[in-house]
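What follows is a short report on a single structure.
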There are 2 protein chains.
Amino acid sequence: MRPETPETPANLAERLAHSGLRNTPQREVVYHALLDRRDHPTADEVYTRVRPEMPSISLATVYNCLETLVQCDLVRQVNFERGPSRYCANLHPHAHFHDEKTGATYDIPLPPEVLAQVRGVLPSGYDAKTVEITFHGQSPTA
Amino acid sequence: MRPETPETPANLAERLAHSGLRNTPQREVVYHALLDRRDHPTADEVYTRVRPEMPSISLATVYNCLETLVQCDLVRQVNFERGPSRYCANLHPHAHFHDEKTGATYDIPLPPEVLAQVRGVLPSGYDAKTVEITFHGQSPTA
DNA sequence: CCTCAAAATTGTAATTATTCCAATTACCGC
DNA sequence: GCGGTAATTGGAATAATTACAATTTTGAGG
C-alpha cells in the first residue's frame, strides 16, 4: 500500500473529461514527458523530447497540449525572468529555486503552515487562488 | 521631518556612479516614469509615457535604461504569466497580487518575519539572493 | 458499422517581445 | 579642445508564441 502517489498519471483522461475535453495520444505523450523528467522544460524542449516517440507531432500541438494541461490543473506554468515559459508537473505545494548561474530550477517543498502565513499577508478582500514563490540565487555546489 | 522617504529619486545618479555608469537624461526620465505611476508598466508602456517629455527617445533605449536600472537595484523586473516583462520601482519588501480578471498588479507589503519564514524553507546549501512572491486571484471588487 | 458534427492536430504565417548591431552622439578627464 | 569611452538611436534580426485554415480524428446516435 503506497501512502501517497499524488501525481501518478492516473487522472489525465479523467481530468480532461471533467473539463469536457478529449483524451488524445498527443496529450498523453506530452503529459508523460513532463512526468518523466521534472526539470521544468520549455515547450520547445518538450517538443524535442516527444518527437522520438511521436515524430508526427507538431510544435503547435505541443503548445496546445501544454495549455490544455494547465487548464486542467495537471500542470503548472512557470515564468521567471524573460524567456520561454516552463512547465511543471509537480502538484505538491512547492516553491521554485532558480539557480542564477546554471539556470536550473529546483522544487522546494512548501509546508502548509508557511503557505498559510504567506497567505496571511493579504489584506481582506484579496482572494488568492494560487501563490507562487520563487527564489533566485545559488544552489548547493556539491 | 519625514520618517520615511525610501524611494525618493535621491539616489539615481549616485547608484549609477557606484556601478561606474553615467547618469543621462534618458535614464532619469525612464526612472521617473516608474516612480510616478507604480502600476508595473511594460517597456512599451514606459516608452509611450516618456515620449511626450522626450520625443527623441527610442524604444531600444528604454529597454537599455530599464536593464541598467535593474542592475543598479533601483528597479525590480517582474514576470508572471506569458507576456512582456513589467517593471516596479517599489524597493520595500513586497509581494505582488495579480488580478486575473483585470490584469492589474498590486503591491502587498511583506513583513520581515514572513519573509524570514519563507526563506526558512530552503534546505541548507541554497543561498537565495532574492525571493519573489506572487498571488493570482481576484482583488477587492470595491 | 456508418455518418455527422465537434474537437483536435497540423503546417505555416503572423505577431509580439526583445536583443543585436553598426553608426552617430554625448560626456569626462586631461 | 581632444581623444576615448559610454550611451543612444534606428533598424534589422531573433525568439517565443499565437492565429488560422485545412485536414484528420473522435465519439455519439441512428
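Atoms considered below: every heavy atom in the structure, side chains included; atoms not considered: hydrogens, waters and symmetry mates. First the proteins, then the strands, lettered A, B, ... as listed; each starts at 1. Because the structure is a prediction, the values reported are computed rather than measured.
One atom, CZ of A:R82, and another, P of D:dT14, lie 19 Å apart when rounded to the nearest Å. For B:L59 and C:dT19, the CG to P distance is 11 Å, given to the nearest whole Å. D:dT18 atom P lies 11 Å from atom CD of B:E81, rounded to whole Å. In this structure, the OH atom of B:Y87 is 12 Å from the P atom of C:dA17, given to the nearest Å. Atom pair A:Y63:OH and D:dA15:P shows a separation of 12 Å (rounding to whole Å applied). Computed from coordinates, the B:L66 CG to C:dT18 P distance equals 10 Å when rounded to whole Å. At whole-Å resolution of the value, CG in A:D44 and C1' in D:dA15 are 9 Å apart. Rounded to a whole Å, the CG atom of A:N23 is 12 Å from the C1' atom of D:dT26.
Between A:S85 and D:dA16, a side-chain N or O to OP1/OP2 separation shorter than 4.0 Å is absent.
Nucleic acid contact for B:T42: none, since no nucleic acid atom lies under 4.0 Å from a heavy atom of the residue.
Under the 4.0 Å criterion applied to side-chain N and carboxylate O atoms, B:D39 and B:R49 are assigned as salt-bridge partners.
In terms of position on DNA chain C, the residue among A:Y47 and B:E67 whose nearest nucleotide sits closer to the 5' end is A:Y47.
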Give each protein N/O atom lying under 3.5 Å from an N/O atom of nucleotides 8-10 of chain C, with the pair distance.
from: C:dA8; atom 1: OP1; to: A:R22; atom 2: N; distance (Å): 3.2
from: C:dA8; atom 1: OP1; to: A:R27; atom 2: NH1; distance (Å): 3.1
from: C:dT9; atom 1: OP1; to: A:T24; atom 2: OG1; distance (Å): 2.6
from: C:dT9; atom 1: O3'; to: A:Q26; atom 2: NE2; distance (Å): 3.1
from: C:dT10; atom 1: OP1; to: A:Q26; atom 2: NE2; distance (Å): 3.4
from: C:dT10; atom 1: OP1; to: A:S56; atom 2: O; distance (Å): 3.2
from: C:dT10; atom 1: OP2; to: A:S58; atom 2: N; distance (Å): 3.3
from: C:dT10; atom 1: OP2; to: A:T61; atom 2: OG1; distance (Å): 2.6

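Residue A:L12 holds its CG atom at 5.5 Å from CD of A:E28, rounded to the nearest 0.5 Å.
Between the side chains of B:N79 and A:N79, no donor-acceptor pair of N or O atoms lies under 3.5 Å.
Using a distance-only test at 3.5 Å, with no hydrogens or angles considered, no donor-acceptor pair links the side chain of A:R27 to the main chain of A:C65.
Proximity of A:F80 to A:H96: side-chain heavy atoms (C-beta onward) are separated by under 4.5 Å at one or more points. Residues A:Y47 and A:R51 are in side-chain contact: their nearest non-hydrogen atoms beyond the backbone lie under 4.5 Å apart.
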Distance-only donor-acceptor hits, side chain of residues 110-133 of chain A, under 3.5 Å, sequence neighbours excluded:
from: A:R119; atom 1: NH1; to: A:A128; atom 2: O; distance (Å): 3.0
from: A:E132; atom 1: OE1; to: B:H136; atom 2: NE2; distance (Å): 2.8

